[in-house]
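Heads up, the thing below is written out as structure tokens.
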Amino acid sequence: MFDEDHASKALGIELLEASEGHAHVRMRVTPEMVNGHAIAHGGYVFLLADTAFACACNSHGPITVAASAQITFLAPAHEGELLHARAVERHTRGRSGIYDTTVFRDDADGETIAEFRGHSRSIKS
């Protein structure tokens, strides 16, 4: 799935790891991703988390999409910073799943930037 994700790749998102129910991606915050407050626009942080979520929920095989998602922003990110997003499957049943994704800085502290929860739904191909 990630091989065909042109939106994520256009933003420089890299898939570092994907296994059943898990995924880890990263992205550098570019000048084009910074808003008028000189911090990373929340939409880009959401997109990074959503990409990790998509890779994790599609790791089982059937085509799976987001049914809903929510994010809580905890700290700002700035231009030049490298951000990581790690998604973990929490529960699946039938065609539905719940995944949690943590977005964090790539530094010694690994400060958490945001927490994202995604609800997935497998669809018929």
Side-chain angles (χ1 to χ4, degrees):
M1 187 234 31
F2 187 77
D3 290 341
E4 299 300 320
D5 187 345
H6 302 293
S8 295
K9 287 184 175 185
L11 295 173
I13 295 176
E14 300 171 87
L15 177 61
L16 301 177
E17 177 188 350
S19 59
E20 253 189 58
H22 296 82
H24 181 184
V25 299
R26 72 178 173 197
M27 172 187 78
R28 182 152 321 266
V29 178
T30 67
E32 296 79 18
M33 297 175 183
V34 175
N35 65 22
H37 298 294
I39 59 176
H41 189 288
Y44 290 106
V45 176
F46 185 99
L47 191 144
L48 178 65
D50 186 55
T51 299
F53 161 57
C55 290
C57 68
N58 277 280
S59 65
H60 297 292
I63 296 171
T64 305
V65 296
S68 67
Q70 166 190 330
I71 194 165
T72 302
F73 300 105
L74 301 169
H78 300 93
E79 181 181 335
E81 289 184 326
L82 187 59
L83 302 181
H84 291 253
R86 191 178 311 266
V88 177
E89 181 178 278
R90 295 295 179 210
H91 181 76
T92 60
R93 183 177 180 129
R95 294 173 41 213
S96 299
I98 300 172
Y99 293 78
D100 288 333
T101 303
T102 300
V103 178
F104 57 96
R105 293 186 212 285
D106 184 45
D107 63 13
D109 295 331
E111 181 181 15
T112 298
I113 300 298
E115 291 287 348
F116 170 106
R117 172 157 278 189
H119 297 255
S120 67
R121 185 79 170 167
S122 295
I123 60 174
K124 297 175 183 173
S125 52

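All values below were derived from every heavy atom in this structure, side-chain atoms included, with hydrogens, water molecules and symmetry-related copies excluded.
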- If you look at every heavy atom in Gly21 and Ser59, which pair is closest and at what distance?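 Closest heavy-atom pair between Gly21 and Ser59: N-OG, 2.7 Å.
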- Kindly give the heavy-atom pair with the smallest separation between Ala87 and Ala56, and that separation in Å.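 For Ala87 versus Ala56, the nearest heavy atoms are CB-CB, 3.8 Å.
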Show me, pair by pair, the donor-acceptor contacts under 3.5 angstrom made by side chains of residues 72-83, not counting sequence neighbours?
| residue | atom | partner | partner atom | Å |
| --- | --- | --- | --- | --- |
| Glu81 | OE1 | His78 | N | 2.8 |
| Glu81 | OE1 | Arg105 | NH1 | 2.6 |
| Glu81 | OE2 | Arg105 | NH1 | 2.9 |

Answer yes or no: is there a donor N or O on one side and an acceptor on the other, between the side chain of [X] and the main chain of [Y], under 3.5 Å?
{"X": "Asp50", "Y": "Phe46", "answer": "no"}
{"X": "His41", "Y": "Gly43", "answer": "yes"}
{"X": "Asp109", "Y": "Glu111", "answer": "no"}

- State, with a plain yes or no, whether a side-chain heavy atom of Glu20 is found less than 4.5 Å away from one of His60.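 Yes, at least one pair of side-chain atoms sits under 4.5 Å.
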- Query: Do Arg121 and Arg95 come within less than 4.5 Å of each other through their side chains, counting heavy atoms only?
  - Reply: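 Yes. Closest side-chain heavy atoms under 4.5 Å.
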- Message: Would you say NE2 of His119 has more than 12 non-hydrogen atoms from neighbouring residues, nucleotides or ligands within 6.0 angstrom?
- Response: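 Above 12, so yes.
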- Message: Does the plane of the ring in Phe104 sit parallel, tilted or perpendicular to the ring in His84? Use 30° and 60° as the thresholds.
- Response: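 Rings of Phe104 and His84: parallel, as their planes differ by under 30°.
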What side-chain donor-acceptor pairs closer than 3.5 Å can you find for residues 2-15, not counting sequence neighbours?
| residue | atom | partner | partner atom | Å |
| --- | --- | --- | --- | --- |
| Asp5 | OD1 | Ala7 | N | 3.4 |
| Asp5 | OD1 | Ser8 | N | 3.0 |
| Asp5 | OD1 | Ser8 | OG | 3.2 |
| Asp5 | OD2 | Ser8 | OG | 2.8 |
| Ser8 | OG | Thr51 | OG1 | 2.8 |
| Lys9 | NZ | Asp3 | O | 3.2 |
| Glu14 | OE2 | Arg26 | NE | 2.9 |

- Task: Look at the side-chain heavy atoms of Ile, Leu, Val, Met, Phe, Trp and Tyr, link any pair under 4.5 Å apart, and say whether Val45 and Ile39 land in one connected group.
- Result: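 No: no chain of side-chain contacts under 4.5 Å links Val45 to Ile39.
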Interatomic distance, [X] atom [atom1] to [Y] atom [atom2] [nearest 0.5 angstrom]:
{"X": "Ile113", "Y": "Thr102", "atom1": "CD1", "atom2": "OG1", "value": "11.5 Å"}
{"X": "Phe116", "Y": "Gln70", "atom1": "CZ", "atom2": "CD", "value": "9.5 Å"}
{"X": "Ile71", "Y": "Arg117", "atom1": "CD1", "atom2": "CZ", "value": "13.5 Å"}

